[in-house]
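For reference, the structure is listed below as structure tokens.
Both backbone and side-chain heavy atoms feed into the values below; hydrogens, waters and symmetry mates do not. Fair warning: this is a prediction, and the values are worked out from it, not measured in the lab. Lettering of chains follows the sequences in order, A, B, ..., and the numbering in each one begins at 1.
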There are 2 protein chains.
Amino acid sequence: MSTNTGVPATTGQTTQRGDAGALYQLPGHLIRRCHQISVALFFEECAAFDITPQQYAVLRVLAANDGVDQITLAGLAAFNRTTAGEIVERMEGAGLVGRRNSKLDRRMKNIFITETGRRLLADANAAVRRVQERLLTPLARDERARFIEYLARIASENNELSRAPLRPLARGRGRERTSGTA
Amino acid sequence: MSTNTGVPATTGQTTQRGDAGALYQLPGHLIRRCHQISVALFFEECAAFDITPQQYAVLRVLAANDGVDQITLAGLAAFNRTTAGEIVERMEGAGLVGRRNSKLDRRMKNIFITETGRRLLADANAAVRRVQERLLTPLARDERARFIEYLARIASENNELSRAPLRPLARGRGRERTSGTA
DNA sequence: AACTGACGATCAGTATACTGATTAACGGAC
DNA sequence: GTCCGTTAATCAGTATACTGATCGTCAGTT
């Protein structure tokens, strides 16, 4: 357990001139590397589904909040508004979601998950669970819970500092129903 | 302390149909949001320096390992090789680093930090310290140490799973000296 | 000295993550 | 009923993060 694989993880040593060693201890740098690992694991586990972590998040958000507009979707997934539009456009091309002009507000486009999208989401869930397990393998069980709690607290309390904050759905807002199905 | 700012951080509740709530508990999603916050704080604190987190990392790596080639630099900063080339190119344009063809190996280009780069690094260090402090504000002192240790362990033990792993400098490798100075 | 496998840099192509501006539509004040 | 501040979507532009291919070079084998 907890074998160090050779990469300087917690050495406090200073290098010759300058000090790149301390770079490896900065939370910002470590979070970036953990993010890269998380994304790599996602692509490895979800290779069969031809989907990105962000697209998975969109499916997940739509499964619970079908028919929201793009800005609301961006808020629910913590995406930049422009990025959200691009992601949705690619997903529409892949047949995972559909877009319809709102009748209540002609500025809005409501996004709906398709049957294909719903099936893909169901199939991908197990793979995504494996991503989380593999990512947290280096931590003991009680450490994992603490780690997630720390991340959640940092994300939640610093939410407004983000350039793409999480915006929970105000009860009763958005949410245009799909015409026939529902 | 630890006041929840309204964003669902650790609710275990299930939403109507589907379950987007659990998305907000996935380490992968939380790490992504923490990364966005970290980057946002960096840009806010370093606005005066017109620099990105990645460019700061390059300066930091070069200050300790001046004269390495691009691939080695990518390894030391945990960048993709192509991305590293682009970042270095922009930094060359900004006068922060210089590039010279290696005389020992005509495939290589050695990267050197400039005086401008060195001065910018010295000026930016305090701002970067503030970024880390603000990022970790939601955690108590002992929690911060644990959090960093968890991140370091995950990054270190999963290093080879990353598509851009950290590659420490093999002692005595690379490192072409600048001709006149040193 | 020619051959070959490995490697550094680069290119083309795709996806994410933003900023700032623009356009069209909404909605309340007057 | 028109004006005006706000907002959803989009566009142009920039930076990061990759993959897979190519090109020139290197280094060890024969």
Upstream residue (5' side of DNA chain C) when E86(B) and I87(A) are each assigned their closest nucleotide: E86(B)
For [N], take OP1 and OP2 only and decide whether either is under 4.0 Å from a side-chain N or O of [X].
X	N	result
Q55(B)	dA15(D)	no
R163(A)	dC18(C)	yes
R81(B)	dA17(D)	no
Q36(B)	dC18(C)	yes
T83(A)	dA15(C)	no
R106(B)	dT25(D)	yes
T82(A)	dA17(C)	no

Exceeds 12 heavy-atom contacts within 6.0 angstrom, atom CG of D50(B): no
Co-membership, hydrophobic cluster, residues V97(A) and L169(A), 4.5 Å side-chain: yes
When you get a sec, tell me which of [options] is the closest nucleotide to the side chain of [X]?
X	options	answer
R107(A)	dC26(C), dC7(C), dC18(C)	dC26(C)
N80(B)	dT10(D), dT19(D), dT16(C)	dT19(D)
F79(B)	dA8(D), dA17(D), dT16(D)	dA17(D)

Round to a whole Å and report the spacing from [atom1] of [X] to [atom2] of [N].
X	N	atom1	atom2	result
F43(A)	dT19(D)	CZ	C1'	11 Å
Q54(A)	dC18(C)	CD	C1'	13 Å
F42(A)	dT16(C)	CZ	P	10 Å
D105(B)	dA9(C)	CG	C1'	11 Å
M108(A)	dA8(D)	CE	P	6 Å
E89(B)	dT10(C)	CD	P	8 Å
I111(B)	dT10(C)	CD1	P	8 Å
R167(A)	dA8(D)	CZ	C1'	16 Å

Rounded distance (nearest 0.5 Å) linking atom CD of E89(B) with atom CD of Q70(B): 9.0 Å
R153(A) side chain to P138(B) backbone, donor-acceptor under 3.5 Å: yes
Sidechain-backbone polar pair: N80(B) side chain, T83(B) backbone, donor-acceptor under 3.5 Å: yes
